[in-house]
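Notes for the one structure printed next.
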Amino acid sequence: MTDKADVPPGTVDMLILRTLQLEPMHGLGISRRIEQITGGTFQLNPGTFFPALYRLEQEGLVKGEWGRSEANRRAKFYRLTRTGRRQLEEHLKNWERVRTAIDSIIEAPQEG
Amino acid sequence: VRCWHRLISTLRLLISPRVSESELDADVRSYLDLLAEENMRAGMIEEEAVRCARMQIGGLEQLKETVRRARHGAGWEQISRNIRLGARRLSRNWGFTMTAVLTVGIGIGSTAAVYGISRAVLESRIVGASEPETLAVVLLHYSDAGYVSPGYSYYLALRTKQDVFSSLAAYRRLPAVMSSDHQVTQVNLEADSGNYFTTLGVTPHIGRLLREEDEHDASTLAAVISHRLWRARFDADPNVIGSSLKLNGRNFVIVGVAPEGFVGVQGDWFSPPDVWVTFQGMFGSGEPATEAFVGMMGRLKRGTSLEYANEKNKYVAASSGRRISNRLSTGRNRGRLCGPLVHFSRETDRDSGIPDDAFRRVRAHPGGVLLQCGEFFDCVRSNPS
């Protein structure tokens with residue numbers, strides 16, 4: 001089993017938006033998908049995950065609609081909006097820049 | 001777009017908090033149900049699965065509170081919630097509500113009233129005057145005789161000899177009987193030097209104000225009426241200019257109406273001046289005019305500060321307050337005076353050419369009777385610099 005790690009600050013929104021890019025999901029579904037894709041490295045607890053999801057909804061980046069889960073339970077499904085897609089692209093571009101910058105520092109030759 | 005969505009969401013929170021609250025509750029509960037179901041699929045019995053799910057999310061209420069605090073508009077929502085709570089509690093107890101409202105209302109009202117009056121008394125400037133910060137009240141002060149009320153003739157001497165004011169004006173309040181159109185009333189009159197209004201930089205409501213030529217024009221005696229008198233006595237008739245007016249038996253011609261709210265240099269609310277005339281108009285050009293005690297106010301020359309005047313001309317700047325409550329050493333209450341004080345010392349008089357001999361005479365009768373002051377001014381007049 002992979003060791004757990006903290007989600008880097010400021011990336012929760014990007015992770016949620018990226019997860020919803022695939023298909024609309026309910027809260028637990030989003031949380032489990034992130035856990036599954038990262039091999040259990042990132043586990044979002046509801047205290048971190050719900051406030052972020054609500055802020056995204058308030059900003060119009062995701063839209064929640066009530067529906068039925070696979071087990072026929074009532075659940076709120078969130079889908080990415082057009083504004084959300086644009087925001088995700090920006091997040092990804094920015095993340096790419098950050099990652100390149102960090103990589104270049106890490107891979108820079110050390111003196112001595 | 002995001003800002004617009006945020007605004008709409010905040011408004012929704014404020015307008016329909018119950019809907020937002022029930023949606024949050026349903027969402028969190030459905031999360032809990034889904035988690036419990038997941039636990040049951042992992043082999044737990046229902047009760048244990050629910051208990052475990054509750055532990056995993058850390059408590060329903062705690063989670064909802066975390067979301068409430070993190071939402072956009074959380075601060076506004078909190079304020080709105082507190083207001084609603086307060087209103088509900090107050091509506092349940094009318095006796096307490098009325099007492100609280102009355103107490104707060106009376107407190108605010110009385111504080112505002114006291115503050116307003118204090119400010120008006122201590123700080124207010126001359127209404128209608130331009131650049132009031134360059135106006136200064138002028139008082140005579142002698143180290144061994146204290147404050148001395150100058151007469152009009154002293155003012156005339158000082159007006160030509162001083163060199164710190166671009167213009168120096170004199171004024172004096174006195175009651176008068178006004179008769180026009182068969183009506184006789186008592187009015188508050190202010191006798192002024194001709195340059196009084198130009199020194200203050202006041203502009204008339206209609207017509208014109210007093211000017212220096214009026215001091216010498218014996219054929220037509222000019223009078224300026226207050227805005228208050230114009231409305232009360234003349235029905236705000238703009239054709240009042242040129243009308244005649246009798247004050248203490250003398251015929252005057254109304255030449256203009258002072259601006260609304262203008263009450264002169266002495267901010268006396270209870271008996272503000274109704275009419276302004278020249279000293280010559282009120283007393284004639286002979287002795288009575290020159291003997292009248294006056295207040296003086298000057299417009300400092302551009303670029304001249306009180307401190308500079310003090311240093312250069314030995315004038316003593318006593319205060320730079322906007323309105324100063326002052327009682328002269330003679331015990332005569334001169335009322336509230338507007339503007340910073342400039343004290344003219346005996347040395348200043350000497351430098352200005354006003355003889356020391358004149359000072360010795362006035363010292364014998366500080367703030368004294370008209371006759372002795374008249375002698376003093378005779379002396380001043382007979383000893384030009």
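Numbered from 1 within each chain, the chains take letters A, B, ... in sequence-line order.
- When the shell of 6.0 Å around CD of A/Glu65 is examined, it contains more than 12 heavy atoms from other residues, nucleotides or ligands.
- Counting all heavy atoms, side chain and backbone alike, A/Pro51 lies closest to B/Thr66 at CG-CG2, 3.9 Å.
- We find the CG-CD distance between A/Asn72 and B/Glu37 to be 9.5 Å, quoted to the nearest 0.5 Å.
- Interface remark: A/Phe77 contributes no atoms to any contact with chain B (heavy atom separation under 4.5 Å).
- Interatomic distance, NZ of A/Lys76 versus CG of B/Asp27, reported as 5.0 Å (0.5 Å rounding).
- Contact annotation for B/Glu23: both backbone and side-chain heavy atoms come within less than 4.5 Å of a heavy atom of chain A.
- Classification of the B/Tyr31-A/Phe49 ring pair by plane angle, with boundaries at 30° and 60°, yields tilted.
- Contact annotation for A/Leu53: neither backbone nor side-chain heavy atoms come within less than 4.5 Å of a heavy atom of chain B.
- In this structure, chain A has heavy atoms under 4.5 Å from both the backbone and the side chain of B/Leu35.
- Within 6.0 Å of atom CZ in A/Arg79, more than 12 heavy atoms from other residues, nucleotides or ligands are found, so the atom counts as buried in its surroundings.
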| said: As a quick check of understanding, evaluate side chain to side chain contact (heavy atoms under 4.5 Å, CB included) for B/Leu63 and A/Phe50, giving each step before the final call. | reply: CA-CA 8 Å; B/Leu63 179 57; A/Phe50 259 105; 3.9 Å; yes
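- Of the residues considered (B/Gly73, B/Ala26, B/Cys3), B/Ala26 shows the highest number of contacts with chain A, using heavy-atom pairs under 4.5 Å.
- Taking a 6.0 Å sphere around NZ of B/Lys64, one finds it holds more than 12 heavy atoms contributed by other residues, nucleotides or ligands.
- Side-chain contact between B/Glu38 and A/Arg32 is present, with heavy atoms from C-beta onward closer than 4.5 Å.
- When the shell of 6.0 Å around CH2 of A/Trp66 is examined, it contains more than 12 heavy atoms from other residues, nucleotides or ligands.
- The shortest distance between side-chain heavy atoms of B/Arg71 and A/Arg55 does not fall below 4.5 Å.
- Within a 6.0 Å radius of CG in A/Asp103, other residues, nucleotides and ligands contribute more than 12 heavy atoms.
- With a threshold of 4.5 angstrom between heavy atoms, B/Leu13 approaches chain A through side-chain atoms but not through N, CA, C or O.
- To the nearest 0.5 Å, atoms CD (B/Gln56) and CG (A/Asn45) are separated by 11.0 Å.
- When the shell of 6.0 Å around CZ of B/Arg69 is examined, it contains 12 or fewer heavy atoms from other residues, nucleotides or ligands.
- For B/Glu46, the CD atom counts as loosely surrounded, since its 6.0 Å shell holds 12 or fewer non-hydrogen atoms of other residues, nucleotides or ligands.
- Chosen from A/Gly64, A/Gly29, A/Gly60, the residue pairing most often with chain B at heavy-atom distances under 4.5 Å is A/Gly60.
- Contacts between A/Tyr54 and chain B at a heavy-atom distance below 4.5 Å involve the side chain alone, from C-beta outward.
- For B/Arg89, the CZ atom counts as loosely surrounded, since its 6.0 Å shell holds 12 or fewer non-hydrogen atoms of other residues, nucleotides or ligands.
- Here the side chain of B/Ser9 pairs a donor or acceptor atom with the backbone of A/Gln58 at under 3.5 angstrom.
- Remark: the B/His72 side chain and the A/Glu59 side chain contain an N/O donor-acceptor pair separated by less than 3.5 Å.
- Note that the CG atom of B/Leu34 and the NE2 atom of A/His26 stand 5.0 Å from one another [nearest 0.5 Å].
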